[in-house]
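Letters go in sequence order (proteins before strands), and every chain restarts at 1. Below, all heavy atoms of this structure are taken into account, side chains as well, without hydrogens, waters or symmetry copies.
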Amino acid sequence: MELKGKAHKFGDDVNTDYIISGRYKFKTQDMKELARHVMEDLDPEFYDRVQAGDFIVAGKNFGCGSSREQAPLAILNADIGAVLAKSFARIFYRNSINTGLPLLECNTDEINPGDELELDMEKGIIKNITRQVDIPIKPLPPFMLKILSDGGLAEHFRKYGTFNFK
Amino acid sequence: MGKTIAEKILSQKSGVDARANDIVIANLDFIMGQDGTSTLAIQAFEDMAGQKAFDASKVAMVIDHSAPSPLEGVSALHARMRGFARNQGINFYDIGEGVCHQLMLEKGHAVPGSLVIGADSHTCTYGAINAFATGVGSTDLAAGIISGQMWFKVPETIKFVINGQLPSGVYSKDLILYLIGDVTSDGATYMAAEYTGEAIRALSIEGRFTISNMAIEMGAKVGLMEADDKTAAWVSKHANQSFEPVQADADAEYAAIKEYDVSDLEPQIARPHTVDNVAPISQVAGTPIQQGFIGTCTNGRLEDLRIAASIVKGRKIHPHTRFIVAPASRQIMLDAMREGILQDLIEAGAAVVTPGCGPCVGTHNGVPSDGENVISTANRNFKGRMGNNKSFIYLGSPATVAASVLTGEITDPRPFIKEK
């Protein structure tokens with residue numbers, strides 16, 4: 001999997017209420033509509049600035065808080081290619097893998113807002129084209145890659161009817 | 001090498017010798033969804049070409065987050081849940097029954113030694129009765145409903161040993177806020193927390209729920225406690241299934257062991273906008289508040305309402321303050337009514353609303369106005385959590401909230417506590 005786009009930078013402890021507020025998530029199941037409000041409480045213009053394939057780049061504990069799957073779905077539907085952070089909260093992590101949103105742990109101090117990035121999952125590297133540095137990413141366990149490459153857990157189940165990591 | 005509670009339960013449920021950091025597929029004992037997450041799960045169930053729940057008696061859905069429905073869109077989501085529940089024959093709890101976590105415990109769906117997933121982050125509450133219970137998302141929920149299984153990364157465990165005796169006017173809420181302030185919001189990320197020690201054993205089961213409920217606020221996957229006689233008595237009263245508690249081995253391996261003595265602990269407050277922004281009440285007292293809220297899966301239980309009523313009984317709330325109370329379940333509301341607690345609260349000026357989550361998650365029943373301060377017994381004070389991102393949420397114990405609505409400012413409850 002290869003992805004290319006710009007970095008949109010956030011700080012530590014971005015919680016799921018900030019990713020998509022409870023004000024919206026109970027109102028609709030239209031994920032394209034929800035996506036318009038992604039990160040709104042932190043950055044009201046975020047959705048309008050994002051280009052398809054761009055990256056969210058954050059500090060530690062990204063996605064802490066509630067179990068709402070609307071959080072990774074809103075990010076996916078805003079056409080974000082992947083989220084890079086120093087660490088992720090665990091329910092958000094599961095939900096992202098299960099819905100097919102790539103999450104990568106790496107040293108995000110090496111990335112400034114607006115940097116051009118290129119992700120090479122096979123090699124396990126983020127190339128920061130703007131700053132000309134390669135940033136290693138923590139490899140995903142094989143079964144998570146399997147779910148991601150199947151397009152998420154729903155597709156995995158549709159294909160196999162159950163968990164299949166053979 | 002021995003095993004932690006988490007390693008033991010996941011070994012039993014997966015049939016392999018599960019150790020920290022292994023990935024296992026384990027059999028689930030119970031699966032729960034609420035109205036903020038279930039409709040997405042129903043969608044995923046259909047996307048997965050699911051036909052029948054693996055065992056309808058082991059699945060429950062609860063309408064609690066927006067109950068009764070405040071909006072047309074929400075009503076449509078609720079209708080979809082009711083249709084699915086009827087069609088599948090699963091357990092279903094409609095508006096007014098209560099907060100999902102309280103129901104899972106009250107109705108005996110979670111028992112010691114069991115493995116439970118819930119599509120709500122505070123599912124970790126049931127760790128207080130020795131269940132490996134953890135929050136998941138909607139896709140996990142759908143996969144669980146179809147297969148009765150889920151993948152788990154076996155967590156490492158961080159053990160909290162709580163020594164000493166909580167002083168009068170200081171409660172389990174103050175204790176867990178203190179611990180979260182100490183280890184911070186990601187201090188236990190990916191890990192299991194085990195809470196033990198004499199101060200934990202001295203707590204009622206209700207008081208223990210408050211601790212395990214907030215394990216997620218330190219990032220933990222589960223907040224486990226060992227079962228004792230109090231646990232067995234409580235569970236036997238609510239569940240009509242057999243259960244086998246699980247104990248940690250004496251030589252189990254822990255990622256860290258943290259010891260505390262709480263004999264001198266003050267009431268604690270989490271200040272806006274993170275749960276780990278904790279201070280002793282002496283540093284926050286005097287902050288004006290416009291709204292107080294008692295309720296939620298953290299602190300909406302009978303003993304919480306009882307403490308609050310004992311403080312406000314015969315008094316009136318401050319004229320510039322609103323006081324909202326949401327009992328955590330219909331049963332608690334009925335018990336509080338019979339005991340006269342509701343009357344005391346209402347006469348003091350409380351607005352008692354339907355058992356459910358509304359005010360805590362900002363769906364309805366008490367959205368604050370711009371610039372207002374709220375003191376709440378909930379578990380989260382994130383910006384916008386209660387429905388307005390220009391308001392400020394402080395978290396404290398039910399006693400602290402009760403004392404604060406009387407004075408109109410954050411108030412140490414200890415002078416209001418009658419010595420026994």
Identify the residues of residues 83-92 of chain A whose heavy atoms come closer than 4.5 Å to a heavy atom of chain B, ordered by number, or report 'none'.
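Heavy-atom contacts from residues 83-92 of chain A to chain B are A:Phe88, A:Ala89, A:Arg90, A:Ile91.
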Are the ring centres of [X] and [Y] closer than 6.0 Å?
X: A:Phe62; Y: A:Tyr93; value: no
X: A:Phe10; Y: A:Phe46; value: yes
X: B:His101; Y: B:Tyr126; value: yes

Is there side-chain contact between [X] and [Y], with heavy atoms separated by less than 4.5 Å?
X: B:Ile95; Y: B:Ser66; value: no
X: B:Ser138; Y: B:Asp140; value: no
X: A:Lys4; Y: A:Ile129; value: yes
X: B:Ile180; Y: B:Ile176; value: yes

Strictly distance-based, threshold 3.5 Å: is any side-chain N or O of B:Asp64 a donor or acceptor partner for the main-chain N or O of B:Cys100?
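Yes, the answer is positive, given that a donor and an acceptor are paired below the 3.5 Å cut-off.
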Donor-acceptor check, side chain of B:Glu156 to backbone of B:Asn21, threshold 3.5 angstrom: yes or no?
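No; judged by distance alone, with no hydrogens or angles, the pair does not exist.
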Per-residue contact mode, [X] against chain A (heavy atom under 4.5 angstrom):
X: B:Ile216; answer: side chain
X: B:Ala143; answer: both
X: B:Thr189; answer: side chain
X: B:Met150; answer: both
X: B:Thr274; answer: neither
X: B:His273; answer: both
X: B:Arg385; answer: both
X: B:Ile23; answer: side chain

Verdict with reasoning, B:Asn379 to B:Thr298, per side-chain hydrogen bond (donor to acceptor under 3.5 Å, both in side chains)
CA-CA 6 Å; B:Asn379 40 41; B:Thr298 319; 2.8 Å; yes
Salt-bridge contact A:Lys138-A:Glu105 (side-chain N to carboxylate O under 4.0 Å):
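Salt bridge flag = yes for A:Glu105 with A:Lys138.
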Salt bridge between A:Asp17 and A:Arg68, side-chain N to carboxylate O under 4.0 Å?
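Answer for the salt bridge query: yes.
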At a heavy-atom distance under 4.5 Å, which candidate from B:Tyr190, B:Phe382, B:Trp151 has the highest pair count against chain A?
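The residue among B:Tyr190, B:Phe382, B:Trp151 with the greatest pair count is B:Trp151.
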Can you tell me which of B:Ile25, B:Ile146, B:Val136 forms the most heavy-atom pairs within a distance under 4.5 Å of chain A?
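So the answer, after comparing B:Ile25, B:Ile146, B:Val136, is B:Val136.
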At a 4.5 Å cut-off on heavy atoms, which part of [X] comes close to chain B: side chain, backbone, both, or neither?
X: A:Asp41; result: both
X: A:Pro72; result: neither
X: A:Asp13; result: side chain
X: A:Leu73; result: side chain

Among the listed options A:Asn15, A:Thr162, A:Asp12, the residue most often paired with chain B at heavy-atom distances under 4.5 Å:
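Winner by heavy-atom pair count: A:Asn15.
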Hey, could you give me the CG/CG distance between B:Asp186 and A:Asn61, rounded to the nearest 0.5 Å?
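These two atoms lie 4.5 Å from each other.
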